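Structure first, then comments.
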Amino acid sequence: MVGIGNAPDAAVDEDALDVVGIGNAMVDVLLRADDAVVDGLGIVKGAMTLVDTQRATELAAMVELLGGADEMTPGGSVANTMLGIAALGGRAGYMGRVCADGLGDLFVADMAAHGVFQSTARAPRDDPTGRCTVVITPDSERTMSTYLGASAGFAPADVDWDMVGRARTVLLEGYLWDPTAARAALREVAEHCAAPGNDCQVALSLSDSFCVERHRREFIDLVDRCTDVLFANAAELKALYDTDDLDEALGEVQGRVDIASVTLSAAGAVLVTPDEIVNVPVEPVDEVIDRTGAGDLYAAGVLYGLANGYDLELCGRLGSAAAAEVISHVGTRPLVPLHELAADVM
């Protein structure tokens with residue numbers, strides 16, 4: 001293992017958390033529809049588009065006209081990863097911001113029910129809980145329209161430093177780099193963890209290629225100065241290093257972080273360290289139903305494996321198994337116990 005986690009026989013600190021995630025606290029509204037719906041909305045298929053309150057209201061009306069959501073669950077990228085870590089048997093914590101409304105209550109109750117420790121700030125009722133409308137087309141691609149709502153107000157004052165102090169790794173969500181106050185909070189946490197004498201590792205999820213393009217210089221600085229583990233898909237990594245050549249992007253990131261975990265869709269994934277590149281094959285599934293949350297659950301498997309001191313190949317296989325489970329059905333919640341899948345992999 002490279003630079004993160006604990007040896008399997010290390011003494012257990014029962015107050016410690018394997019990973020604490022900081023991200024956009026959202027409610028995912030999942031809708032299965034054909035490409036015509038995506039085209040009619042005028043959004044980029046397969047991308048995440050930020051929307052304002054008016055657009056969020058229009059999307060809610062559209063969902064109702066199409067017969068309502070197929071599923072509505074608390075989520076957000078890093079929240080999904082924390083739920084996955086907890087489902088695998090790890091100790092996960094979460095920080096975010098929701099409204100003191102019904103959706104906010106749903107989010108907090110659901111995370112607690114799944115065993116995730118929380119420090120979730122509450123906004124007033126005129127600052128509604130965020131939601132992400134996810135249109136799932138027949139090719140299993142997901143197109144997301146995200147209304148940040150209360151989650152965008154996460155600020156340095158919302159950081160629970162006690163929880164940071166208990167974390168072996170803190171996972172930061174790239175999407176939170178858009179709001180100014182949230183960006184300041186993430187930067188403060190990253191620089192604290194990276195300071196000499198602090199044992200907490202920093203993991204960063206690049207989240208979305210358009211997000212990377214908006215913040216390329218700052219992300220590169222964050223990667224170079226503070227990040228131990230980087231999560232990206234091929235498009236995001238190429239956007240980070242402003243290239244169309246994946247091999248060039250992999251060469252750029254190698255040596256800048258302890259581990260870069262890069263997903264390659266149907267081609268699997270690679271785990272890149274300063275000394276090697278480990279190829280991770282996909283876990284076969286009978287049918288891909290919904291790719292929503294695949295990258296989030298892959299990250300959960302990798303982080304769970306790293307926290308337990310497993311070698312990189314096994315970390316990747318755990319991620320692949322978790323991702324395969326979630327893409328086999330609609331929604332981001334595993335339908336079978338992930339710790340049982342992990343036992344089969346190991």
Side-chain angles (χ1 to χ4, degrees), residues 1-23 78-79 81-86 88-96 115-120 154 156-174 176-177 182-206 219 221-232 253-261 271-276 299-312 314-316 318-319:
M1 193 190 69
V2 182
I4 188 171
N6 300 294
D9 58 352
V12 176
D13 180 355
E14 294 187 356
D15 191 50
L17 297 170
D18 294 323
V19 186
V20 169
I22 306 177
V78 163
T81 298
M82 296 305 102
L83 287 161
I85 291 170
L88 285 162
R91 289 172 60 83
Y94 182 77
M95 290 181 232
V116 177
F117 297 86
Q118 293 178 79
S119 180
T120 309
F154 190 86
D158 297 317
V159 175
D160 185 330
W161 289 103
D162 176 69
M163 184 173 279
V164 172
R166 295 166 61 196
R168 296 188 176 103
T169 301
V170 172
L171 174 63
L172 307 178
E173 183 174 313
L176 267 184
W177 213 256
R183 184 189 318 161
L186 295 193
R187 184 183 286 117
E188 191 171 329
V189 170
E191 293 179 351
H192 168 83
C193 292
N198 289 335
D199 295 330
C200 183
Q201 306 287 313
V202 176
L204 171 66
S205 170
L206 290 182
F219 277 167
D221 178 68
L222 187 65
V223 167
D224 289 348
R225 293 194 305 108
C226 301
T227 302
D228 300 286
V229 182
L230 178 68
F231 289 97
V253 78
Q254 190 167 26
R256 294 177 182 265
V257 294
D258 289 340
I259 301 168
S261 174
L271 293 169
V272 182
T273 77
D275 302 316
E276 63 178 333
V302 171
L303 287 169
Y304 174 77
L306 291 173
N308 283 278
Y310 301 149
D311 63 52
L312 286 179
L314 180 52
C315 291
L318 286 168

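Note that the structure is a prediction, hence the values are computed from the model and not measured. Every heavy atom of this structure was used, including side-chain atoms; hydrogens, water molecules and symmetry mates were not.
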Quiz item: Is there a donor-acceptor contact under 3.5 Å from the side chain of D228 to the main chain of V202?
Solution: yes
Self-check item: Plane angle bin for W177 and F219 - parallel if under 30°, tilted between 30 and 60°, otherwise perpendicular
Solution: tilted
Exercise. Could you please spell out the steps behind the side-chain contact (heavy atoms from CB on, under 4.5 Å) verdict for T273 and D258?
Key: CA-CA 6 Å; T273 77; D258 289 340; over 6 Å; no
Quiz item: Do you know which two heavy atoms are closest between C315 and G305, and how far apart they sit?
Solution: SG-C, 3.4 Å
Practice problem: Specify the closest pair of heavy atoms between A232 and L206, including all atoms of both residues, with the distance to one decimal. | Solution: CB-CD1, 3.7 Å
Quiz item: So do the side chains of L83 and Y94 get within less than 4.5 Å of each other, counting heavy atoms only?
Solution: no
Quiz item: Which residues pass the side chain to side chain contact (heavy atoms under 4.5 Å, CB included) test with D162, sequence neighbours left out?
Solution: D160, R166
Self-check item: F154 and V159: CA distance, side-chain angles, deciding distance, side-chain contact (heavy atoms from CB on, under 4.5 Å) verdict
Solution: CA-CA 8 Å; F154 190 86; V159 175; 4.1 Å; yes
Quiz item: Measuring from H192:NE2 to N198:CG, what's the distance to the nearest 0.5 Å?
Solution: 4.5 Å
Quiz item: Roughly how far, to the nearest 0.5 Å, is CZ of R168 from CG of L17?
Solution: 8.5 Å
Exercise. First locate atom CZ of F117, then atom CE of M82, and finally report the distance between them rounded to the nearest 0.5 Å.
Key: 13.0 Å
Practice problem: Tell me, with the steps shown, if I259 and L271 meet side-chain contact (heavy atoms from CB on, under 4.5 Å). | Solution: CA-CA 6 Å; I259 301 168; L271 293 169; 4.3 Å; yes
Exercise. Kindly say whether G316 contributes a backbone atom to a donor-acceptor pair with the side chain of Y310 at under 3.5 angstrom?
Key: no
Quiz item: Which heavy-atom pair separates G115 from A86 by the least distance, and what is that distance?
Solution: O-CB, 4.2 Å
Quiz prompt | Atom of V164, atom of M95 and distance for their closest heavy-atom approach | solution = CG2-CE, 3.6 Å
Quiz item: Where is the tightest heavy-atom contact between V78 and G23, given as atom of each residue plus distance?
Solution: CB-CA, 4.3 Å
Practice problem: To the nearest 0.5 Å, tell me how far F231 CZ sits from L303 CG. | Solution: 3.5 Å
Practice problem: Determine, for D18 against R91, whether the closest basic-nitrogen to carboxylate-oxygen distance falls under 4.0 angstrom. | Solution: no
Exercise. Give a yes or no answer on whether the side chain of T227 reaches the backbone of L222 with a donor-acceptor pair at less than 3.5 Å.
Key: yes
Quiz item: Do V223 and L204 pass the side-chain contact (heavy atoms from CB on, under 4.5 Å) test, and can you show the C-alpha distance, the side-chain angles, and the key distance before you say yes or no?
Solution: CA-CA 8 Å; V223 167; L204 171 66; 4.1 Å; yes
Quiz item: To the nearest 0.5 Å, what is the distance between CG (L306) and OG1 (T169)?
Solution: 7.5 Å
Practice problem: Taking all heavy atoms of P156 and all of A185, pick out the closest pair and write down the distance. | Solution: N-CB, 3.6 Å
Quiz item: CG of L172 to SG of C193: how many Å apart, nearest 0.5 Å?
Solution: 7.5 Å
Quiz prompt | Any pair counted as salt bridge (charged side-chain N to carboxylate O under 4.0 Å, His left out), so long as it reaches residues 187-205, sequence neighbours left out | solution = R187-E218, E191-R225
Exercise. Kindly say whether I22 contributes a backbone atom to a donor-acceptor pair with the side chain of E173 at under 3.5 angstrom?
Key: no
